[in-house]
K.L.:
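I have a structure here, written as structure tokens, and I will follow up with some questions on it.
Just follow the structure's listing: the first ligand is 1, and inside any ligand the first atom is 1.
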Amino acid sequence: MTLLHGDGLRRSFDGVLAVRDVDLEVAHGELRAVIGPNGAGKSTLFNLIGGQLRADAGTVTYDGQRIDRWPPHRRAMGGIAVVFQGARVFRGMTVLENVMVGAHGTTRSGFLAAVSRLPRHRREEREILATARECLDRTGLAEWADRPADTLPLGQQRGLQLARALCGRPRLLLLDEPASGLRAGERAALASLIESLRAGGLTMLLVEHDVAFVTRLADRVTVLDLGQVIAEGTPAEIRTDERVVAAYLGDEVSA
Ligand code: ADP
Ligand code: MG
């Protein structure tokens, strides 16, 4: 059964089409990768689903509802969590506090308002704390709970982004290039974390520039180039697709 359906999605910037007539169907429990060279339109598509951008044409259906006119926070309340490309942790906050922000919604002011609440809200606060600790356990970060978040190595900071996203108990997790800039060991740790979330039944959309990172993880792969879907299939089918190889070779030559 389909959880997410993008149909005929199109978005341009200053007359340049970043995403052109993209169809995307993601099943419940699926880990879908979206790959493509730099500038292919991956983040634009990601933001059309998360709600940070509006489509010029096309629709987004999630869990049977049209959501393409919903603002991001409404999509988040509906169970769509996002980890943006190059997302940073909140400085001046501990690892635990960073995750609690996720349980309170997506803004820091929500968190600050919450910690200054009256006693009658303390029970709710305790529940949020329990959820936050559980998310740290799931991501292997529990022992660092009280450390300032920005002192963690980059790999663990990415884990923390995931923990924060999980704290809202999402049904669809969107990840934009979570492995970029990580060292081999950190990438392997992130891959196992993503694998464990998938084993738990979470539906994910994993945007990546790096084909190698997704081939072990994804059920299916959608390949974007110049804003269009040029291939879709299993990782094995994609690896040998001539158009895909050509798109990536072109990228390397121009890089
Ligand atoms: P990717 O994530 O695959 O690298 P993007 O979706 O970021 O690709 O970008 C696709 C195209 O749209 C690029 O040509 C980029 O320059 C352009 N683009 C993306 N976002 C904006 C924006 N906010 N304003 C203008 N152009 C943009
Ligand atoms: Mg991008």
K.L.:
Distance under 4.0 Å, heavy atoms only, partner ligand 1: which residues pass?
P.N.:
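For ligand 1, the contacting residues are Phe13, Ala18, Pro37, Asn38, Gly39, Ala40, Gly41, Lys42, Ser43, Thr44.
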K.L.:
Determine whether more than 12 heavy atoms belonging to other residues, nucleotides or ligands lie under 6.0 Å from atom CG of Leu226.
P.N.:
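No, CG of Leu226 has 12 or fewer neighbouring heavy atoms, counting only those of other groups under 6.0 Å.
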K.L.:
Only one of Leu205, Leu224, Val229, Leu48 forms a side-chain contact (heavy atoms from CB on, under 4.5 Å) with Leu24, so which one is it?
P.N.:
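Exactly one option meets the side-chain contact (heavy atoms from CB on, under 4.5 Å) with Leu24, and it is Leu205.
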K.L.:
Between Glu134 and Arg169, is the closest basic N to carboxylate O distance under 4.0 Å?
P.N.:
yes
K.L.:
Taking CZ in Arg54 as the centre, count heavy atoms belonging to other residues, nucleotides or ligands within less than 6.0 Å. Is the count above 12?
P.N.:
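Buried by this count: over 12 neighbours within 6.0 Å.
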K.L.:
Could you tell me the separation between the CG atom of Leu217 and the OG1 atom of Thr215, rounded to the nearest 0.5 Å?
P.N.:
8.0 Å
K.L.:
Looking at side-chain heavy atoms only, is the closest gap between Arg75 and Tyr62 below 4.5 Å?
P.N.:
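Side chain of Arg75 against side chain of Tyr62, heavy atoms only: no contact under 4.5 Å found.
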K.L.:
If every non-hydrogen atom of Phe90 is compared with every non-hydrogen atom of Val101, which pair is closest and at what distance?
P.N.:
CE1-CG1, 3.8 Å
K.L.:
Listing residue and atom name, which protein N/O/S atoms are closer to the Mg ion (ligand 2) than 2.8 Å?
P.N.:
Ser43 OG, Gln85 OE1
K.L.:
Rounded at 0.5 Å granularity, tell me how far CZ in Arg74 sits from CE in Met77.
P.N.:
10.5 Å
K.L.:
Would you find more than 12 non-hydrogen atoms of other residues, nucleotides or ligands less than 6.0 Å from Arg147 atom CZ?
P.N.:
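Buried by this count: over 12 neighbours within 6.0 Å.
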